[in-house]
Novice: 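Below is a structure I'd like to ask you about.
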Number of protein chains: 4
Amino acid sequence: MSGINKVILVGHLGKDPEVRHLDGGVTVASFPLATSETYNKDGKRVEQTEWHNIVLWRGLAEVASKYLQKGKLVYIEGKLRTRSFEDKEKVKKYVTEIVAENFTMLGRKSDFEQSPIAPANQSSEAKIEDEFTIDPSDESGDLPF
Amino acid sequence: MSGINKVILVGHLGKDPEVRHLDGGVTVASFPLATSETYNKDGKRVEQTEWHNIVLWRGLAEVASKYLQKGKLVYIEGKLRTRSFEDKEKVKKYVTEIVAENFTMLGRKSDFEQSPIAPANQSSEAKIEDEFTIDPSDESGDLPF
Amino acid sequence: MSGINKVILVGHLGKDPEVRHLDGGVTVASFPLATSETYNKDGKRVEQTEWHNIVLWRGLAEVASKYLQKGKLVYIEGKLRTRSFEDKEKVKKYVTEIVAENFTMLGRKSDFEQSPIAPANQSSEAKIEDEFTIDPSDESGDLPF
Amino acid sequence: MSGINKVILVGHLGKDPEVRHLDGGVTVASFPLATSETYNKDGKRVEQTEWHNIVLWRGLAEVASKYLQKGKLVYIEGKLRTRSFEDKEKVKKYVTEIVAENFTMLGRKSDFEQSPIAPANQSSEAKIEDEFTIDPSDESGDLPF
DNA sequence: TTTT
DNA sequence: TTTT
């Protein structure tokens, strides 16, 4: 029996993506993402920040490592996964991560142009877009009815 | 510049999916979906139903035509698309549709067993699941960190 | 029986919100929102823009009229509603709208500081936030247009 | 600066909700929720289940404690929150929870009629609905466990 | 610890 | 045109 396990986040990267290449040639990337919420408490603006562990696989990891950097604003869609691991003292611990299924960069063209990853001499064709969507399963065309 | 255009629905099919095969061999399916909302008005339970035009393409259309039928409860994720067309009197009109990107059947095994589309003599291996997820871009495996 | 009818959009306002005050003192605001999607077609970047009719009620309409303007980037959560109306020629037509349930402004603090709606002499206490979330309780009723 | 932190789940309760009344009179409820995913691996159906810690506050906790029980299928919308606590050995640990913002029961009327919480002699007027939506305003605060 |  |  199936269910739904979906997470939608808009926030800023706390660090550059950390990329690893596994034995089978599979790429994995991960980074922390902050989502902040501002609310009034006794007439004062309080900001509460939540940190999320984002994990991306294969093609998505490759694209993330190219385009995402510390500080960037990003929309992420994925699913929750809690896994256990042993720390250095061999104590079993749990982490909950968001396994990304697609992401979209939000923000300014200028952010990308200033970016250290965008070579200064790139052709206008190759310009990184203001906002950039990755969504492999996309479908379009004219509807016939 | 990109954005986000996402729809999430849980509701019942108003009709069996209508399937069409286009010239290029592409399959398209469509059906109406009802999402009902119940609320209290002056102490009485009022039900308000919203009807949605669901459209599915290619592989998703094929699976929908096999497993979905009038009355079934389904979770649908997709995007909004408004398109124009001419009616019989050549008047330009607009419709807003939900182009499905994946779906999950919700409900009971018994619903599927009673189903006219489930042949009585199928092996237990091929039994249609109580709930059934279609999500091509899915990714899993053990995380290496 | 209930269902789920949820829409999530991130896009730019096509116009300033249009605000109306109904007879009962209820405020309604509406504006078009564009969500753009960029994809590759035969090696070329193609941008496809979808336009959505956003409707906001009461408190949410008030806040929208204060903070949202043409061109701003906004996250909107709401539900789909299709309603019929008669055009000038008394022909029955249908529109599908997104009735907003909450929204969050995305973008730059500088956008807000430059804003014509932000008086230059406001105290720092009242400064409009870089991004700003509104999340009141849901609202419904008959749409007056 | 704000962001978006949203979780959407459809799954079954692993246990009855556990309800606590805090000193200030605030009610908190919590329960584990299972979301299962079925996929093909080498021609075999594999089921992977993810467990989520659901937390509900105040009015939402009250309604959950009345209507939700072990085994029920439910749609939950909420936000992620990771908090730290000390275990019995005074070791600092972290848990990630979903703080529910609203929920909808999915499933069959018969489920509710069989329910031990539905007194046999209630009038048909008071019958618990097949599916039932709760959508109060958001709630937050420090979790007491 | 759910569900099929 | 669904479902309860």
Side-chain angles (χ1 to χ4, degrees), chain A residues 1-5 82 94, chain B residues 9-18 30-39 44-54 67-76 104-115 118 124-133, chain C residues 1-5 82 94, chain D residues 9-18 30-39 44-54 67-76 104-113 118 124-133:
Chain A
M1 206 203 51
S2 299
I4 303 301
N5 174 357
T82 299
Y94 294 86
Chain B
L9 303 173
V10 176
H12 291 88
L13 281 82
K15 293 185 187 171
D16 286 350
E18 193 180 308
S30 61
F31 55 82
L33 187 85
T35 57
S36 304
E37 191 177 355
T38 335
Y39 59 93
K44 282 181 196 161
R45 279 211 149 292
V46 182
E47 185 179 280
Q48 195 173 337
T49 296
E50 191 65 38
W51 286 97
H52 311 273
N53 305 306
I54 311 295
Y67 296 114
L68 299 184
Q69 300 149 73
K70 180 174 172 174
K72 292 302 172 226
L73 183 64
V74 70
Y75 167 96
I76 293 178
T104 297
M105 290 172 69
L106 304 171
R108 296 287 159 138
K109 192 169 207 154
S110 55
D111 291 347
F112 302 88
E113 287 172 345
Q114 294 164 0
S115 160
S124 67
E125 276 294 291
K127 276 271 168 57
I128 300 156
E129 296 303 311
D130 181 8
E131 296 171 28
F132 188 42
T133 305
Chain C
M1 206 203 49
S2 299
I4 303 300
N5 174 356
T82 300
Y94 294 86
Chain D
L9 304 171
V10 176
H12 291 89
L13 281 83
K15 293 186 187 170
D16 285 350
E18 193 180 309
S30 61
F31 56 80
L33 187 86
T35 57
S36 305
E37 191 176 356
T38 334
Y39 59 93
K44 281 182 196 160
R45 278 211 150 292
V46 183
E47 185 178 283
Q48 195 173 337
T49 297
E50 190 65 37
W51 286 97
H52 310 273
N53 305 305
I54 311 296
Y67 297 113
L68 299 182
Q69 302 150 72
K70 179 174 174 173
K72 293 300 171 230
L73 182 65
V74 70
Y75 167 96
I76 293 179
T104 297
M105 291 172 70
L106 304 170
R108 297 291 161 133
K109 193 168 205 156
S110 56
D111 291 347
F112 302 88
E113 287 172 345
S124 66
E125 275 295 293
K127 276 269 165 59
I128 299 155
E129 296 303 310
D130 182 9
E131 296 172 28
F132 188 42
T133 305

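Numbered from 1 within each chain, the chains take letters A, B, ... in sequence-line order.
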Novice: Given F:dT2, F:dT1, E:dT2, identify the nucleotide with an atom nearest to the side chain of D:W51.
Specialist: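 Selected nucleotide (nearest to the side chain): E:dT2.
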
Novice: Please give, in whole Å, the distance from E:dT1 C1' to D:I54 CD1?
Specialist: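 Taking atom C1' of E:dT1 as the reference, CD1 of D:I54 is at 13 Å.
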
Novice: State which of E:dT2, F:dT1, F:dT2 makes the closest approach to the side chain of D:H12.
Specialist: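 Nearest nucleotide to the side chain: E:dT2.
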
Novice: For D:L13 and E:dT2, give me the distance from atom CG to atom P, rounded to whole Å.
Specialist: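 Spelled out: CG on D:L13 to P on E:dT2 is 11 Å.
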
Novice: Could you tell me how far apart B:N53 (CG) and F:dT1 (P) are, to the nearest whole angstrom?
Specialist: 15 Å

Novice: Can you name the closest pair of heavy atoms from B:W51 and B:G14 and give their distance?
Specialist: CZ3-CA, 3.6 Å

Novice: Can you tell me the distance, in whole Å, between the CG atom of D:L106 and the C1' atom of F:dT4?
Specialist: 13 Å

Novice: Please work out if D:G11 contacts a base, only the sugar-phosphate, or nothing of the nucleic acid, heavy-atom cut-off 4.0 Å.
Specialist: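 The answer is nothing, as D:G11 stays clear of every strand by at least 4.0 Å.
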
Novice: Heavy atoms only: give me the nearest D:G71-D:H12 pair and the separation to one decimal.
Specialist: O-CD2, 2.9 Å

Novice: Of all the choices, F:dT3, F:dT1, E:dT2, which nucleotide is nearest to the side chain of B:E47 once you look at every atom?
Specialist: F:dT3

Novice: Just verifying a value: how many Å separate B:T35 OG1 and B:E50 CD, rounded to the nearest 0.5 Å?
Specialist: 6.0 Å

Novice: Without decimals, in angstroms, what is the distance between C:I4 CD1 and F:dT3 P?
Specialist: 18 Å

Novice: Using whole Å, what does the distance between atom P of nucleotide E:dT3 and atom OH of D:Y75 come to?
Specialist: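 Nearest whole value for this atom pair: 22 Å.
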
Novice: Nearest whole angstrom, please: distance from the P of F:dT3 to the CE of D:M105.
Specialist: 20 Å

Novice: Whole angstroms only, please: what is the CZ-C1' distance between D:F31 and E:dT2?
Specialist: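 Rounding to the nearest Å, CZ of D:F31 and C1' of E:dT2 are 11 Å apart.
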
Novice: Walk me through it: do B:H52 and B:L9 pass the test side-chain contact (heavy atoms from CB on, under 4.5 Å)?
Specialist: CA-CA 9 Å; B:H52 311 273; B:L9 303 173; 3.9 Å; yes

